[in-house]
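Take a look at the structure set out below.
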Amino acid sequence: MVVSALWAVAMAAFVSMVVAMAAAELQVHFYKDSCPQAELVVKGIMQQRFSSDPSLPAGLLRLHFHDCFVHGCDGSVLIDSSGNNVAEKDAPPNLTLRGFEVIDEIKAELEKQCKGIVSCADILALATRDGVALTGGSAYALPTGRRDGTVSNISDVHIPGPSFSVAEAASAFQTINLSLEDLVTLLGAHAMGFCHCGFFVDRLYNFGGSGQADPDIDPQFLGVLRQKCPRPNNNVPFNLSTDPKIFMTPSSGTPFKLDASFYRGVLQEQATLQLDQGLAFTDLTRRIAADYIGRPNVFRRKFAKAMIKLGNVDVLTGQQGEIRANCRRFNQPNHDLNHFS
Ligand code: HEM
Ligand SMILES: *[C@@H]1O[C@H](CO)[C@@H](O)[C@H](O)[C@H]1NC(C)=O
Ligand SMILES: *[C@@H]1O[C@H](CO)[C@@H](O)[C@H](O)[C@H]1NC(C)=O
Ligand SMILES: *[C@@H]1O[C@H](CO)[C@@H](O)[C@H](O)[C@H]1NC(C)=O
Ligand SMILES: CC(=O)N[C@H]1CO[C@H](CO)[C@@H](O)[C@@H]1O
């Protein structure tokens, strides 16, 4: 009797554990009962904003990557610094992150229609997904159900840098369980958007302190880049907000299309970042790049798969975290008393 009662208790615990584990998974159309129009609202606003700013999807892709890489995809990158908390977005690599306003706009609309239901982390992931489709990528089904995190700390930001080797970037990706192939595939996002000269200007004038350009830049392309990015003046402190910017893949002619042009640039020694150019110089990464150029639909499919994987990194689910009312602030009201806003 006692044994079977214990057994029943153990079974119940086991079952509830399994249920809890199941609840901890993201699922496609998580909001289908709680806010059926959620994905349509996101898509509608994205379409509107995209029609006046075709570069928006690029901004969101980078924002979503930075969100997921630091502390998981929990909307922590969206938090503003306040009081004595210096948030992720104030870390130097975050300079020039953009797309915050459209997330605010979507959040405001969803709070009107479904108060307290749709997380900021999901809004960012969904808006990014819609941006991918709007720029020629595949319109993949995105699992949702992320909750918003309650920590955003500048000390947690360890994003790979533009001068990393492929091996260094791959090992950084390994810390979020993404493979080298995922890295090569997601870097395809560099087909789109902008890059400030400061992230690669060393390659144009003083590569590795040599006083020379990086030898792995196509000479004609070097001339073009030097015209757009003048030699830094050592007497003027570097300032990213006044730094000139170019297209991330300038040779493509399609700066707002998520096509395989990034890989073409890489194989023609016309990549802007040192990391990106590095993909040309290991067998595996070179082979993947050539494959994506030859089979653009394979790139689209693999990109969507890698985005879903990125979007799963360290997510909060179930009762974890919170659903923020404002994507820039944590909900805790007593916390706000200390903040003069
Ligand atoms: C793994 C290492 C990565 C490094 C070192 C890196 C570095 C950079 C740098 C330096 C910029 C230029 C930012 C600016 O000047 O404003 C940039 C832009 C961009 N990155 Fe990455 N990135 C990486 C991975 C990714 C990933 C995984 C994605 C998306 C899946 C991504 C998407 C983008 C996009 C779309 C832009 C253009 C942003 C804009 O137009 O505002 N990057 N990246
Ligand atoms: C941020 O992280 C640092 C280093 O781990 C820690 O000392 C600090 O207390 C954290 N700040 C907040 C507001 O949690
Ligand atoms: C990576 O995978 C390991 C093993 O499955 C897991 O313990 C860890 O939490 C994962 N890390 C992230 C960031 O998802
Ligand atoms: C960078 O330039 C902007 C715009 O001119 C200016 O507002 C800002 O103070 C400068 N920042 C630094 C660190 O000099
Ligand atoms: C968009 C954004 O919030 N950028 C911040 C990045 O970090 C710098 C400080 O390093 C802040 O001044 C910017 O506001």
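In each ligand, atom 1 is the first atom listed, and ligand 1 is the first ligand listed. Every heavy atom of this structure was used, including side-chain atoms; hydrogens, water molecules and symmetry mates were not.
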Report task. Return the residue, atom name and 0.1 Å-rounded distance of the protein heavy atom closest to atom 19 (C) of ligand 1. Result -> Arg62 CD, 3.4 Å

Query raised in the report: Among protein heavy atoms, which lies nearest atom 2 (C) of ligand 1, and at what distance?
Result: Leu275 CD2, 3.6 Å

Query raised in the report: Is the shortest distance from atom 11 (N) of ligand 2 to a protein heavy atom below 4.0 Å?
Result: yes

Report summary line: Ranked by distance from atom 10 (C) of ligand 1, the top protein heavy atom is Phe199 CG, 3.4 Å

Query raised in the report: What is the closest protein heavy atom to atom 2 (O) of ligand 4, and at what distance does it sit?
Result: Asn239 ND2, 2.3 Å

Report task. Answer with yes or no whether Ala169 contacts ligand 1, where contact means a heavy atom under 4.0 Å from a ligand atom. Result -> no

Query raised in the report: Relative to the heavy atoms of Arg98, which atoms of ligand 1 are at a distance of less than 4.0 Å?
Result: 39 (C), 40 (O), 41 (O)

Report task. For Phe69 and ligand 1, answer yes if some heavy atom of the residue is under 4.0 Å from a ligand atom, otherwise no. Result -> no

Query raised in the report: N/O to N/O below 3.5 Å, does that happen between Phe194 and ligand 1?
Result: yes

Report summary line: With heavy atoms and a 4.0 Å threshold, my read on which part of Phe173 contacts ligand 1 is side chain

Query - Taking atom 29 (C) of ligand 1 as the reference point, the nearest protein heavy atom with its distance - result: Ala189 CB, 3.6 Å

Requested in this report: Would you please indicate if the ring centroids of Phe303 and Tyr292 are separated by under 6.0 Å?
Outcome: no

Query - Atom indices of ligand 4, in the order listed, that fall short of 4.0 Å to a heavy atom of Ser241 - result: 1 (C), 2 (O), 3 (C)

Report summary line: re atom 30 (C) of ligand 1, the protein heavy-atom contact at minimum distance is Leu186 O, 3.8 Å

Query raised in the report: Which ligand 1 atoms, with their elements, are less than 4.0 angstrom from a heavy-atom of Leu187?
Result: 23 (C), 24 (C)

Requested in this report: Could you tell me whether ligand 1 has any atom less than 4.0 Å away from a heavy atom of Ser55?
Outcome: no

Requested in this report: May I ask you to list the atoms of ligand 1 that are less than 4.0 angstrom from any heavy atom of Ala58?
Outcome: 34 (C), 35 (C), 38 (C), 40 (O)

**Report entry** Top protein contact for atom 22 (N) of ligand 1, by heavy-atom distance
**Finding:** His190 NE2, 3.0 Å

Report summary line: Per-atom filter on ligand 1: closer than 4.0 angstrom to a heavy atom of Leu183 are 1 (C)

**Report entry** Nearest-neighbour protein heavy atom for atom 24 (C) of ligand 1, which is reported as residue plus atom name and distance
**Finding:** Phe65 CE2, 3.3 Å

Query raised in the report: Any N/O of Thr242 closer than 3.5 Å to an N/O of ligand 4?
Result: no

Report task. Could you tell me whether ligand 1 has any atom less than 4.0 Å away from a heavy atom of Asp243? Result -> no

**Report entry** atom 5 (C) of ligand 1: nearest protein contact (heavy atom, Å)
**Finding:** Gly161 O, 3.2 Å

Query raised in the report: Relative to the heavy atoms of Asn153, which atoms of ligand 2 are at a distance of less than 4.0 Å?
Result: 1 (C), 2 (O), 3 (C), 8 (C), 10 (C), 11 (N), 12 (C), 14 (O)

Query raised in the report: Is it true that Lys43 and Asp130 have a side-chain N and a carboxylate O under 4.0 angstrom from each other?
Result: no

Report summary line: ligand 1 atoms nearer than 4.0 angstrom to some heavy atom of Pro162 are 5 (C)

Report task. Give a yes/no verdict on whether any heavy atom in Met248 is under 4.0 Å from an atom of ligand 1. Result -> yes

Query raised in the report: Do Arg49 and Glu105 sit within salt-bridge range, that is, some charged N less than 4.0 Å from a carboxylate O?
Result: yes

